[in-house]
Participant: 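This is the structure I have questions about; it appears just below.
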There are 2 protein chains.
Amino acid sequence: MSEIKETSTNFANKLALADECLEAYASNIIGGQWTLVICSWLLNGKLRFGALKKNLPNITERMLTLQLRKLEENKIISRTVYAEVPPRVEYELTPIGYALKPVIKALESWGDEHKKLMNEPQEVSGSKN
Amino acid sequence: MSEIKETSTNFANKLALADECLEAYASNIIGGQWTLVICSWLLNGKLRFGALKKNLPNITERMLTLQLRKLEENKIISRTVYAEVPPRVEYELTPIGYALKPVIKALESWGDEHKKLMNEPQEVSGSKN
DNA sequence: TTAGGTACTATATAAAATGTAAGTAATGAG
DNA sequence: CTCATTACTTACATTTTATATAGTACCTAA
């Protein structure tokens, strides 16, 4: 997080890839460490900052804030502030945010398959590729 | 890439997340900058190192090697070396690699929608949230 | 006056990912 | 012997991302 250097090769590469490859584009947006987890919690409905924090046990407040900001910038979530004391802020997926559902489901089901595969015992006597 | 520090909080968090969240698990595996692009090229059939390099114009050999190694470790691609000179190495998706297709398609279609949304002109006169 | 809750912000630092530049091995062509 | 070719490897530098720790503002209730 923090600043990105718009003169770096890395940055240029990301732009170029995102430009010609929709999956790279998408991956740039939702590829952060906490992004998808936050979204999958929000799929069940709006949550406030503190609730998200509880659901993501090891996240620091700073990381949560940064992730939420990025998500907001990308119009994936909306942020509603209630002028109360103590403050209350609610986060909710936008339509395009809810549209992530099939992506998340696809990832989950692939992840499940993959995890099983990786836990399988190895073939010992080398039979095939 | 390079070494990961198995004592870091980051590492612990990733493990914990991957453990309870399949989408975080999947995202850890295919979330690299080039991973999905490589896979989407390979969806059309096996390719050799040099061909991949040509298709990914700005990638360095180092990055390509690292990504391919990681993909191989995760059993997403297989690597076949032909004992020729000059050397020839072919990469091909494994079954679980080909199983990424729906994930990639879901990402592409979401990315497409999202991109359109972000390119839309902003609403100027603040009407709604 | 002080403590307490909520949602942050600021600053520093650590770790991970990516990039640059150079070199390696094997062999056949010239 | 030298060069070209291919698929790497290595050492190092830079950029990006994540974490740690400590604040802040606001009002309420004691």
Side-chain angles (χ1 to χ4, degrees), chain A residues 1-17 24 27-38 46-54 56-72 77 79-91, chain B residues 1-17 24 27-38 46-54 56-72 77 79-91:
Chain A
M1 255 63 213
S2 54
E3 335 95 64
I4 54 177
K5 206 159 235 180
E6 310 204 344
T7 52
S8 70
T9 306
N10 191 332
F11 181 74
N13 280 346
K14 273 191 184 157
L15 275 191
L17 273 178
S27 175
N28 275 345
I29 293 178
I30 59 166
Q33 174 156 223
W34 304 95
T35 314
L36 281 176
V37 191
I38 293 173
K46 61 175 77 164
L47 286 174
R48 37 196 306 203
F49 189 89
L52 280 169
K53 203 175 113 185
K54 262 175 221 127
L56 276 32
N58 295 310
I59 201 172
T60 59
E61 297 192 343
R62 179 180 143 79
M63 277 317 291
L64 184 50
T65 303
L66 287 173
Q67 298 289 337
L68 290 171
R69 287 284 179 285
K70 187 182 158 199
L71 251 14
E72 206 192 341
I77 61 175
R79 179 169 178 271
T80 313
V81 183
Y82 295 87
E84 300 174 359
V85 167
R88 181 159 64 102
V89 181
E90 286 183 343
Y91 293 93
Chain B
M1 255 63 213
S2 53
E3 335 96 67
I4 54 177
K5 207 160 235 179
E6 308 206 344
T7 52
S8 71
T9 307
N10 190 332
F11 181 74
N13 280 347
K14 272 190 184 156
L15 275 191
L17 274 179
S27 174
N28 275 344
I29 294 178
I30 59 165
Q33 177 158 219
W34 303 95
T35 314
L36 281 175
V37 191
I38 293 173
K46 61 174 76 165
L47 286 173
R48 41 196 300 203
F49 189 89
L52 280 169
K53 205 175 111 184
K54 263 176 220 127
L56 277 32
N58 295 309
I59 200 171
T60 59
E61 297 192 340
R62 176 183 141 82
M63 278 318 290
L64 184 50
T65 304
L66 286 172
Q67 299 288 338
L68 290 170
R69 288 284 181 285
K70 188 182 159 198
L71 251 13
E72 205 192 342
I77 60 176
R79 179 169 179 268
T80 313
V81 183
Y82 296 86
E84 299 173 355
V85 167
R88 180 158 65 102
V89 181
E90 286 184 342
Y91 295 93

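Both backbone and side-chain heavy atoms feed into the values below; hydrogens, waters and symmetry mates do not.
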Participant: How do Gly32(A) and Leu68(B) order along DNA chain D: which one's closest nucleotide is nearer the 5' end?
Facilitator: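 Result: Leu68(B).
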Participant: For nucleotides 4-6 of chain C, list the nitrogen or oxygen atoms of the protein found under 3.5 Å from its nitrogen or oxygen atoms, one pair per line.
Facilitator:
| from | atom 1 | to | atom 2 | distance (Å) |
| --- | --- | --- | --- | --- |
| dT6(C) | O3' | Arg48(A) | NH2 | 3.2 |
| dT6(C) | O3' | Pro87(A) | O | 3.0 |

Participant: May I have the distance from Arg69(B) (atom CZ) to dT18(C) (atom P), rounded to whole angstrom?
Facilitator: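 These atoms are roughly 16 Å apart.
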Participant: Within this structure, what is the CG-to-P distance between Leu47(B) and dT6(D), rounded to whole angstrom?
Facilitator: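 Whole-Å distance recorded here is 15 Å.
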Participant: Within the structure shown, what part of the strands sits under 4.0 Å from Glu84(B) by heavy-atom distance: base, sugar-phosphate, or nothing?
Facilitator: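 No contact at all - Glu84(B) keeps every heavy atom at 4.0 Å or more from the nucleic acid.
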Participant: Run the side chain to side chain contact (heavy atoms under 4.5 Å, CB included) test on Asn13(A) and Trp34(B) for me, step by step, so that the C-alpha distance in whole Å, both residues' side-chain angles and the decisive distance to 0.1 Å come before the verdict.
Facilitator: CA-CA 10 Å; Asn13(A) 280 346; Trp34(B) 303 95; 3.7 Å; yes
Participant: Quick one: label Tyr91(A) by what it contacts on the DNA or RNA (base, sugar-phosphate, nothing), any heavy atom closer than 4.0 Å.
Facilitator: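 Counting heavy atoms under 4.0 Å across all strands, the contact made by Tyr91(A) is with sugar-phosphate only.
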Participant: Are OP1 or OP2 of dT17(D) and a side-chain N or O of Gln67(A) less than 4.0 angstrom apart?
Facilitator: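 Answer no for this pair, as no side-chain N or O of Gln67(A) is under 4.0 Å from OP1 or OP2.
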Participant: Mark yes or no: Arg88(A) above the aromatic ring of Tyr82(A), with NZ or CZ under 6.0 Å from the six-membered ring centre and no more than 45 degrees from the axis.
Facilitator: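 Pair Arg88(A)/Tyr82(A) counts as cation-pi.
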Participant: Do Glu72(A) and Lys70(A) sit within salt-bridge range, that is, some charged N less than 4.0 Å from a carboxylate O?
Facilitator: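 Answer for the salt bridge query: no.
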Participant: Enter the distance from Arg48(B):CZ to Leu52(B):CG here, rounded to the nearest 0.5 Å.
Facilitator: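 Going from CZ on Arg48(B) over to CG on Leu52(B), the span is 11.0 Å.
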Participant: Hey, what are the protein-to-nucleotides 13-15 of chain C N/O distances that come in under 3.5 Å?
Facilitator:
| from | atom 1 | to | atom 2 | distance (Å) |
| --- | --- | --- | --- | --- |
| dA15(C) | OP2 | Lys5(B) | NZ | 3.3 |

Participant: Answer yes or no: is there an ion pair linking Lys53(A) with Glu61(A), defined by an N-O contact shorter than 4.0 Å?
Facilitator: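 A salt bridge links Lys53(A) with Glu61(A).
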Participant: Identify which nucleotide among dA18(D), dA20(D), dT16(D) has an atom closest to any side-chain atom of Lys14(A), counting heavy atoms from C-beta outward.
Facilitator: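 The listed nucleotide nearest to Lys14(A)'s side chain is dT16(D).
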Participant: Is the phosphate of dA7(C) approached by Arg62(A) (side-chain N or O, under 4.0 Å from OP1 or OP2)?
Facilitator: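 Answer no for this pair, as no side-chain N or O of Arg62(A) is under 4.0 Å from OP1 or OP2.
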Participant: Just how far, in rounded Å, is P of dA7(C) from CD of Glu90(A)?
Facilitator: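 The distance from CD of Glu90(A) to P of dA7(C) comes to 9 Å, rounded to the nearest Å.
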Participant: Rounded to the nearest angstrom, tell me the gap between atom CG in Asn28(A) and atom C1' in dT15(D).
Facilitator: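 My rounded result for the distance is 15 Å.
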Participant: Are Asn13(B) and dA18(D) close enough that a side-chain N or O sits under 4.0 Å from OP1 or OP2?
Facilitator: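 No, Asn13(B) has no side-chain N/O under 4.0 Å of OP1/OP2 on dA18(D).
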Participant: Apply the side chain to side chain contact (heavy atoms under 4.5 Å, CB included) test between Ile38(A) and each candidate in Ile77(A), Leu47(A), Ile30(A), Leu64(A); give the one that qualifies.
Facilitator: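 Checked Ile77(A), Leu47(A), Ile30(A), Leu64(A) against Ile38(A); only one passes side chain to side chain contact (heavy atoms under 4.5 Å, CB included): Leu64(A).
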